[in-house]
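By convention in this document, chain letters (A, B, ...) are assigned in the order of the sequence lines, proteins followed by strands, and residues within each chain are numbered from 1. All heavy atoms count here, side chains included; hydrogens, waters and symmetry mates do not.
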Amino acid sequence: MSDLPRHLFPKRLRLLKGAEFDATFAAKLSAGDGVLVIHARPNGLGHPRLGMAVSRKVGNAVRRNRWKRTLREAFRLAQHELPPLDFVCLPRLREEPTFAVVDAALRGLARRLAKKQAKQAAQREAAQREAAQREAAP
RNA sequence: CGAGAGGGCUGGGCGACCGCCGGGCGCUGCGAAGCGCCGGGAGGAAAGUCCGGGCGGCGUAGGACAGGGUGGUGGGUAACGCCCACCAGUCGAAAGGCUAGGGAAAGUGCAGCAGAGAGUAGACCGCCUAAGGGAGCGGUCAGUGUUCAGCUGUCAGCGAUCAGACGCGCAAGCGGCAGCUGAAGGCUGACAGCUGAUCGCUGACCGCUCCCCGGCAAGGGUGAAACGGUGCGGUAAGAGCGCACCAGCGGGCGGGGUGACUCGCUCGGCUUGGUAAACCCCACCCGACGCAAGGCCAAACAGGGGGCAGAGCUUGUCCGGCUCGCUACGACCCCCGGGUGGGCCGCUUGAGGCGACGGGCAACCGUCGUCCUAGAAGAAUGGUCGCCGCCGCCGCCCCCCUUCGAGAGAAAGGGGUCGGCGGAGACAAAACCCGGCUUACAGGCCCUCUCGGGGC
RNA sequence: AACCCCGUAGUGUAAUGGUAACACCAGGGAUUUUGAUUCCCUUAUUCCAGGUUCGAGUCCUGGCGGGGUUG
């Protein structure tokens with residue numbers, strides 16, 4: 001019982017600085033569906049982190065807060081099943097979010113991002129190996 | 001019961017588990033931090049940022065101008081463009097609502113179209129013809145002329161009569177009128193005069209019609225708006241032209257009110273339009289900047305170029321005041337480049353909430369008691385559920401009332417309890433803090449008042 | 001936080017307080033054998049709600065929406 005993972009959500013699971021957001025966007029790793037767009041970036045910390053960017057186009061302050069809380073709650077409960085990436089989530093819908101929809105979207109997109117990231121890493125590794133060989137050849 | 005008016009309150013509740021923010025205590029740890037327990041954690045508008053303040057520092061905060069704001073009176077307030085009471089105007093049958101509600105006889109400006117005329121205006125239709133001028137018609141009078149009639153006179157002519165001369169006869173008388181003369185009368189004609197009529201002309205007067213020049217502003221018509229209303233007098237027609245009353249304006253006196261204002265009396269010239277959310281004038285108010293204010297600590301870096309003896313201090317201009325600098329490695333300003341973009345304080349006890357008593361019509365104020373009630377910073381209140389509450393429908397049972405019935409009971413309606421199903425749950429979230437305003441808002445509750453209908 | 005600007009036909013712009021104008025586009029019609037050109041016609045809740053005024057796109061107040069500036 002005591003070894004069951006707990007679903008705490010302290011500050012270290014959050015993206016808090018502008019630089020961290022910029023880096024995530026710059027990683028060019030993203031996926032989206034009708035609900036969310038998620039940008040991601042491997043962080044090497046062994047756990048995922050969450051960042052959010054909720055535009056004023058989504059709605060007024062109440063609706064924007066609701067989106068952020070729903071996203072945080074979905075992330076908190078799913079944190080142990082997510083790959084160790086930094087996520088920046090952007091809502092796409094203008095309606096009030098429901099937990100079930102957001103939770104499904106987050107998990108689905110995270111799975112796709114994990115695959116994509118592995119592929120990207122493999123390609124980069126292959127390119128590096130090729131370059132190393134080319135350098136070693138002459 | 002229906003229709004309406006004014007005002008106040010509320011903005012789902014309880015619980016479980018998993019989380020979030022910050023506070024206190026405890027434990028682990030060198031520390032960073034972590035964990036546990038306890039209690040706290042969005043609004044009436046937190047919103048828009050439209051006003052007003054507090055607070056903060058400012059090389060002192062002074063003046064004039066500019067600029068901005070406000071605008072009935074009195075009060076409330078830290079202050080206000082807010083609130084209360086009152087006044088005035090206006091809308092409503094009423095309860096009540098609304099009003100940027102100072103000044104238009106300080107000046108300037110504006111008013112399309114229509115209309116005659118749009119501001120010390122104007123004359124289209126219309127009314128008048130008194131004064132002046134002209135034309136026409138009619139009447140009267142005077143003068144004059146034409147024509148006609150009558151009368152009178154003169155002249156001429158005509159014929160009859162008579163007489164004379166003449167002839168006969170003694171005479172009385174007779175004859176005879178061819179010619180001559182005369183007479184009165186007649187007729188005809190001409191002329192003159194008078195009278196009357198007629199038709200003209202001229203003049204005067206009177207009346208009527210028209211025109212010119214004028215007079216008028218009552219009526220029609222235009223307009224959003226046309227220089228008071230009614231009546232009598234007055235006049236050529238009219239008109240504040242005069243008078244009476246009314247409305248309005250201004251002055252004076254008196255009563256009431258702190259005052260805006262109001263009531264009464266009296267006098268005056270008889271009337272002075274609208275617009276200042278047009279410029280403007282008057283009165284009053286405003287130092288500008290804002291918690292990224294402002295202060296402390298820590299970390300990092302790299303300077304270069306230009307302007308200039310001045311530069312800055314409180315936006316604009318001027319004066320005054322102050323500070324720094326004044327032959328410069330230089331104050332200050334501008335441009336390019338570099339670094340950091342961390343922490344703490346400010347930061348929540350306040351024009352504070354609640355209750356009682358007292359003052360005040362009220363807004364509000366005073367005294368006493370009591371309470372502490374969010375402080376985030378990629379920015380905290382969420383998630384999953386359970387129960388209750390709200391609304392609608394259906395079912396069971398019970399009660400009330402009306403009708404029918406002798407009664408049992410039946411039918412329609414209303415209410416309650418229980419159960420089931422379904423539905424609604426708004427607007428909108430602190431960012432230094434208050435007082436207001438404005439705007440958004442599902443549902444629910446309460447109080448007061450007005451009008452209408454019915455019953456007792 | 002402190003401010004500034006804008007909102008007019010589908011689009012881009014005009015309009016001393018007095019009939020909402022111009023260009024392009026679109027639609028319809030005429031001309032032409034057809035097409036192009038040309039000509040004519042049609043198209044407005046002046047962002048919304050109040051107010052001032054005889055009269056408001058214009059002036060005032062309050063909202064809504066969009067854009068921008070400084071730190």
Would you confirm whether [X], through its side chain, and [Y], through its main-chain N or O, come within 3.5 Å as a donor-acceptor pair?
X: A:R41; Y: A:D86; value: no
X: A:R64; Y: A:S55; value: no
X: A:N43; Y: A:H47; value: yes
X: A:E20; Y: A:K17; value: yes
X: A:H80; Y: A:R6; value: yes
X: A:R92; Y: A:D33; value: yes

What's the [atom1]-[atom2] distance between [X] and [N], to the nearest Å?
X: A:R56; N: C:rG67; atom1: CZ; atom2: C1'; result: 13 Å
X: A:D103; N: B:rG382; atom1: CG; atom2: C1'; result: 14 Å
X: A:E73; N: B:rC21; atom1: CD; atom2: P; result: 13 Å
X: A:R64; N: B:rG382; atom1: CZ; atom2: P; result: 17 Å
X: A:R63; N: B:rA428; atom1: CZ; atom2: P; result: 9 Å
X: A:R72; N: B:rC20; atom1: CZ; atom2: P; result: 11 Å
X: A:L71; N: B:rG19; atom1: CG; atom2: C1'; result: 15 Å
X: A:N65; N: B:rG382; atom1: CG; atom2: C1'; result: 11 Å

Taking [M] as the reference, what is the distance to [N] when you measure between their [atom1] atoms (whole Å, please)?
N: B:rG369; M: B:rG76; atom1: P; answer: 28 Å
N: B:rA377; M: B:rC289; atom1: C1'; answer: 25 Å
N: B:rG436; M: C:rG65; atom1: P; answer: 27 Å
N: B:rG92; M: B:rU99; atom1: C1'; answer: 16 Å
N: B:rC124; M: B:rA118; atom1: P; answer: 14 Å
N: B:rA424; M: B:rA442; atom1: C1'; answer: 8 Å
N: B:rU448; M: B:rC17; atom1: P; answer: 48 Å
N: B:rU152; M: B:rG185; atom1: C1'; answer: 16 Å

OP1, OP2 of [N] versus side-chain N and O of [X]: anything below 4.0 Å?
X: A:R69; N: B:rU381; value: yes
X: A:K11; N: B:rA377; value: yes
X: A:R12; N: B:rG34; value: no

Of the options [options], whose atoms approach the side-chain atoms of [X] most closely?
X: A:A61; options: B:rC18, B:rG383, B:rA430; answer: B:rA430
X: A:F99; options: B:rU384, B:rA429, B:rC35; answer: B:rU384
X: A:V62; options: B:rA42, B:rA428, B:rC20; answer: B:rA428
X: A:A53; options: B:rA428, B:rG378, B:rC18; answer: B:rG378
X: A:R6; options: B:rG383, B:rC20, B:rG36; answer: B:rG36

By nearest nucleotide on RNA chain B, pick out whichever of A:R76 and A:F25 is the more 5' one. A:R76
Heavy-atom nearest nucleotide on RNA chain B for A:N60 versus A:K68: which residue maps closer to 5'? A:K68
Would you classify [N] as syn or anti? Syn applies when the glycosidic angle is within 90° of 0.
N: B:rU373; result: syn
N: B:rC336; result: anti
N: B:rG409; result: anti
N: B:rA42; result: syn
N: B:rG44; result: syn

Mind checking who [N] pairs with, Watson-Crick or G-U wobble, both distances under 3.5 Å?
N: C:rA21; result: C:rU13
N: B:rG26; result: B:rC35
N: B:rC396; result: none
N: C:rA1; result: C:rU70
N: C:rC59; result: C:rG51
N: B:rU367; result: B:rA356
N: B:rG15; result: B:rC385
N: B:rG159; result: none

Indicate whether A:F9 forms a stack on B:rG19; treat it as stacked only if centroid distance is below 5.5 angstrom and interplanar angle below 30 degrees. no
Minimum heavy-atom separation for A:L90 and A:H39, please, with both atom names. CD1-CD2, 3.7 Å
For the student: nearest non-hydrogen atoms of A:A40 and A:A27, plus distance: O-CB, 3.5 Å
A:L16 near the nucleic acid: base, sugar-phosphate alone, or nothing, with a heavy-atom cut-off under 4.0 Å? base
Near A:R111 CZ, under 6.0 Å, is it more than 12 heavy atoms from other residues, nucleotides or ligands? no
